[in-house]
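Read the structure below first, then the notes.
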Amino acid sequence: MSYDHLIVQQQGYVLTVVLNRPKALNALNRQLLSEFNQVLDQFEHDASIRLLVVTGAGEKAFCAGADIKELADLSALEMKEFLSHGQRVFRRLELIRKPSIAAVNGVAVGGGFELSLACSLRIASESASFGLPEARLGMIPGYGGTQRLPRIIGKGKALELMLSGKRISAEEAYRAGIVNAVAAVDLLDQTVRQWAESICANSPVSIRMILEAVDIGGSLAMDNALALETSLDALAAGSLDKREGFAAFLEKRSPNFEGK
Ligand code: DAK
């Protein structure tokens with residue numbers, strides 16, 4: 001399948017999607033979001049894909065957020081549809097229950113930063129920067145930023161970023177717990193691949209259950225969340241992956257998980 005605003009390729013278990021509008025700093029327009037949603041169809045239904053990497057084309061930007069030029073010409077109703085579509089696409093990325101890594105290769109602001117927050121993990125190049133400038137535009141972070149950022153790093157630092165609209169470096173983002181690792185610019189791809197491969201070597205059943213437990217459990221009371229954890233663990237315990245994981249340990253070999 002070919003796309004106008006994305007480059008998509010699979011290597012092993014890993015599907016990589018490159019946001020490809022470098023002249024607009026990979027800003028999110030309606031077509032790009034629709035195409036991204038089509039990639040999620042592939043990610044969701046193709047059992048040979050275990051992990052999605054999201055990154056940006058060019059050296060400057062991961063993604064500069066919603067396409068301000070396109071937004072400027074929309075009616076209120078079109079704007080509502082554009083924004084809620086983006087929100088649904090980002091939420092779908094989390095609900096697929098396969099892990100994703102944002103390989104943040106440059107500026108990640110507004111909806112671009114929020115896209116990275118919808119990914120399971122974020123790995124940034126030293127040149128990356130992060131910001132939520134919506135309050136400078138008379139808007140608020142509307143692609144889940146007001147909800148996901150405080151859950152990842154806590155309310156205080158999240159409010160600092162949202163209220164000020166300032167941009168922070170990859171290093172500061174790492175210290176704040178926004179990104180999981182920072183890599184030299186020319187080592188970003190290699191670093192992301194190493195992380196992806198180590199995750200893909202684990203049981204897809206376990207990974208699915210972990211993502212579900214953390215996502216759903218995060219909005220439940222502790223006792224209910226622990227009950228959910230028990231049920232999901234019991235489900236995992238009935239899988240062929242669990243049998244393979246235990247056998248591999250006892251036979252002192254690497255497991256070969258099939259995700260069943
Ligand atoms: N949209 C369209 N074009 C953009 C763009 C954007 N967001 N960001 C940059 N560009 C374009 C620039 O216009 C320029 O194009 P030309 O003028 O060359 O044609 C080109 O990309 C290069 O940009 P700069 O020359 O500005 O590059 P610099 O390195 O100097 O600056 C920058 C990089 C990222 C600091 C700067 O470009 C910038 O501030 N860009 C705008 C960032 C921004 O404000 N993004 C939008 C955030 S608001 C909601 C859901 C979602 C949202 C809101 C509500 N609801 C559900 C209600 C989300 C909103 C957002 O994402």
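Atoms within each ligand, like the ligands themselves, are counted from 1 in listed order.
By the 3.5 Å distance cut-off applied to N or O atoms, A27 is not counted among the residues near ligand 1. At a 3.5 angstrom cut-off on N or O pairs, A66 counts as close to ligand 1. By the 3.5 Å distance cut-off applied to N or O atoms, V109 is not counted among the residues near ligand 1. Polar contact check, S84 against ligand 1: no nitrogen or oxygen pair lies under 3.5 Å apart. Distances between N or O atoms of I68 and those of ligand 1 include at least one value under 3.5 Å.
In this structure, atom 15 (O) of ligand 1 has a protein heavy-atom contact shorter than 4.0 Å.
Residue contact check: G111 has heavy atoms under 4.0 Å from atoms 60 (C), 61 (O) of ligand 1. Within ligand 1, the atoms closer than 4.0 Å to a non-hydrogen atom of K69 are 13 (O), 15 (O), 16 (P), 19 (O), numbered from 1 in the order shown. Near L137, the atoms of ligand 1 lying under 4.0 angstrom from a non-hydrogen atom of the residue are 44 (O), 47 (C), 48 (S). Near D67, the atoms of ligand 1 lying under 4.0 angstrom from a non-hydrogen atom of the residue are 1 (N), 2 (C). Shown in contact with V107 at under 4.0 Å from a heavy atom are these atoms of ligand 1, numbered in order with element: 34 (C).
Between the side chain of T146 and the backbone N or O of G142 there is no donor-acceptor pair closer than 3.5 Å. A donor-acceptor pair under 3.5 Å is absent between the side-chain atoms of N29 and the main chain of E70, judged by distance alone.
Distances from ligand 1 to the non-hydrogen atoms of K23 include at least one value under 4.0 Å. Under the 4.0 angstrom criterion for non-hydrogen atoms, G86 is not in contact with ligand 1. In this structure, M79 does not count as a contact residue of ligand 1, since none of its heavy atoms falls inside 4.0 Å of the ligand. Not a single heavy atom of L132 sits less than 4.0 Å from an atom of ligand 1. Residue K80 places every heavy atom at 4.0 Å or more from ligand 1.
Taking the side-chain hydrogen bond (donor to acceptor under 3.5 Å, both in side chains) definition, one finds that Q11 meets it with R193, sequence neighbours left out.
A cation-pi arrangement, defined by a distance under 6.0 Å to the six-membered ring centre and an angle within 45 degrees of its axis, is absent between K80 and F82.
Protein heavy atom closest to atom 30 (O) of ligand 1, with residue, atom name and distance, is K60 NZ, 4.6 Å.
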